Number of protein chains: 2
Amino acid sequence: MTDTGHHHKIIDISSVKQACSGCSLQQLCLPLGINGDDLQRLDALIKRHRPLTRGHHVFHLGDEFRALYAIRCGSVKTYTITEDGSEQITGFHLPGEIIGLDAINSNRHPCGAKALETTSVCDIPFNRLEELALLIPDLGRQLLRIMSREIQADEELLTLLGKKSAEERLASLLLSLSKRFQQRGFSPREFRLSMSRNDIGNYLGLAVETVSRLFTRFQQQGLIEVQNKYIRLQNMEQLQEITGLGACGKTQLAEG
Amino acid sequence: MTDTGHHHKIIDISSVKQACSGCSLQQLCLPLGINGDDLQRLDALIKRHRPLTRGHHVFHLGDEFRALYAIRCGSVKTYTITEDGSEQITGFHLPGEIIGLDAINSNRHPCGAKALETTSVCDIPFNRLEELALLIPDLGRQLLRIMSREIQADEELLTLLGKKSAEERLASLLLSLSKRFQQRGFSPREFRLSMSRNDIGNYLGLAVETVSRLFTRFQQQGLIEVQNKYIRLQNMEQLQEITGLGACGKTQLAEG
DNA sequence: CGGTCCCTTGATATTCATCAATATCAGTGG
DNA sequence: CCACTGATATTGATGAATATCAAGGGACCG
């Protein structure tokens, strides 16, 4: 069950009608490489809902799997619940990204997806997508590519959590967000962190306090400028360096 | 490039000829849900090589992507190299599992795959698999399921690395291996760890020494019995408990 | 049997989590 | 508009978990 049914007030006709063919995210999303009639057919099966407000779910953990969701605008976090009841965030997702892929196997969503801000998603019924993929080979290929990309991204995150220090983790996240904002036509140097410090810590496997201290330290070092949720990356080269520097000589960063 | 070309000595006709239809791993592997003529067609495109010996690669990091590989017997580790040159193991893979899925997106293998012991794999050319998947819907579905399962597994590992203590991590790995051996018809209580302590530590994000100490401690607590590479799980219930217990009251385990 | 690699064990160092206190922010209602 | 409330963020002090360093012991392989 999604939460969408509960909000009858806001109806944004323009967004409801927007189709893949007019969507600026085409090149990042499922339609990549698909044109003309094929794109129309894909378009036809996608439902576009009214926006979800912050805190509402795209889908809940354990929900039956019926559709994949492409994020149109806003942002979403996906998370699982561990045996002891605590939350582990598995990803932050930006427009053009597709979530729900991990549910195909078990037919249930093994993670929940919650809007971090006002967000709208495209609802892509999986049964019909599968059928269509048999008719449009390029669509099937793109679906496999997207899943492959997701596996790759998870593997990178594994390396992050397995091997990297707190500094490296935060620097990696900031640069990852930066790159993704840039791909979407936003500034790579200045953006809003839609997730809380808590979420960041959770995602990176760090305590909130550690995240907070890192923001402070990075700011003191002139690497970034933070103002609540807004952040500007002042020295991306050095952030990049921190990312890959391993455990060695971290304190030297302030000098070099 | 695989290493297979270098070993001309051993030719095991019986294994070269073994087809999916006679393979005990059918139910875990790509052929799941595929029968009769369809299975024959799948069979026809799979190449079965002579075994790789310990340390040889199924594929190297950066290799061009041409095929997926199903493990027939033995075991394999997959790993990436971080910017600073160190290795991060992303998975240990047992018979019936399919590796190489993360290469579909970029057309290059973003990780390497190395045999942990004498291992043979089935070589599944991806182009032909894709074609066949269009003709056999069940095959396409199974492929998506397998990829979805992989994403799910990675997400679980993320939780492990992000939130769990050293004890929890090792217990989780042991139980995961146990479960997978059981699915493959081996004893869940007693098996050989084909990977080194180093590999285990690397995979779990721990130092070798920590892993070693944990083995010792678990043994002292009567949870396991280790003899070099061989391990017996004496108290799986308690291991399971450690897995989920969170950060609280770890020392109580020895008493309770 | 000798060499090398891998594993184990102990002592010490470091990073980061935890605890606790304060500060800031976003709503809410007076 | 301002005081109040709860959530979120920052900052400092302390401690615990685990890495690192160093050395010895055992297994495997020619």
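For the numbers below, each heavy atom of this structure counts, side chains included, while hydrogens, waters and symmetry mates do not. Only a predicted model underlies this, so the values are computations on that prediction, with no experimental measurement involved.
When ring centroids are compared, Phe59(B) and Tyr69(B) come within the 6.0 Å threshold.
Between the P atom of dA9(D) and the CD1 atom of Ile231(A) lies a distance of 13 Å, rounded to the nearest Å. Here dA9(D) presents its C1' atom at 13 Å from CD of Gln227(A), a figure rounded to the nearest Å. Spacing between atom CD of Glu117(B) and atom P of dC28(D) amounts to 15 Å, rounded to whole angstrom units. With rounding to whole Å, Glu168(B) atom CD is found 9 Å from dT18(D) atom P. Following rounding to the nearest Å, Arg217(A) (CZ) and dG12(D) (C1') show an atom-to-atom distance of 14 Å. Summarising the geometry, the separation between CG on Leu214(B) and P on dT8(C) is reported as 11 Å, rounded to the nearest angstrom. As rounded to whole Å, 10 Å separates atom C1' of dA7(D) from atom CZ of Arg54(A). Separating the CG atom of Asn228(A) from the P atom of dA23(C) is a distance of 17 Å, rounded to the nearest angstrom.
Using a 4.0 Å cut-off between a side-chain N of Lys or Arg and a carboxylate O of Asp or Glu, Lys163(A) and Glu168(A) do not qualify as a salt bridge. A salt bridge links Lys77(A) and Asp199(A); the closest N-O separation between the charged side-chain nitrogens and carboxylate oxygens is under 4.0 Å. Arg197(B) and Glu209(B) are not joined by a salt bridge, as no carboxylate oxygen comes within less than 4.0 angstrom of a charged side-chain nitrogen.
The side chain of Ser165(B) approaches dT18(D) more closely than any other nucleotide in the set dT8(D), dT18(D), dC16(C). When the nucleotides dC7(C), dC16(C), dT8(D) are ranked by their closest atom to the side chain of Ser196(A), dT8(D) comes out on top. Here dA9(D) is the nucleotide among dA19(D), dC7(C), dA9(D) with the atom lying nearest to any side-chain atom of Asn198(A). Looking at the side chain of Ala207(A), the nearest of the listed nucleotides dT18(C), dC16(C), dT8(D) is dT18(C). Each of dT8(C), dA17(C), dA9(D) was ranked by its minimum atom distance to the side chain of Arg197(B); first place goes to dT8(C).
Residue Glu209(A) places no side-chain atom within donor-acceptor reach of the base of dC16(C), judged by atom type and a 3.5 Å distance cut-off alone.
Ser212(B) has no side-chain polar atom (N or O) that falls below the 4.0 Å cut-off from OP1 or OP2 of dC7(C). OP1 or OP2 of dT18(D) has not a single side-chain nitrogen or oxygen of Thr210(B) nearer than 4.0 Å. Distances shown here put every side-chain N or O of Arg213(B) at or beyond 4.0 Å from the OP1 or OP2 atom of dT18(D). Between dT11(D) and Thr216(A), a contact under 4.0 Å exists linking OP1 or OP2 to a side-chain N or O.
Formation of a donor-acceptor pair under 3.5 Å by the Arg108(A) side chain with backbone atoms of Ala103(A) is not found in this model.
A residue-by-residue look at Val211(B) and Val208(A) shows that Val211(B) has its nearest nucleotide of DNA chain C further toward the 5' end.
Residue contacts shown for Gly205(A) are limited to sugar-phosphate atoms, with no base heavy atom under 4.0 Å away.
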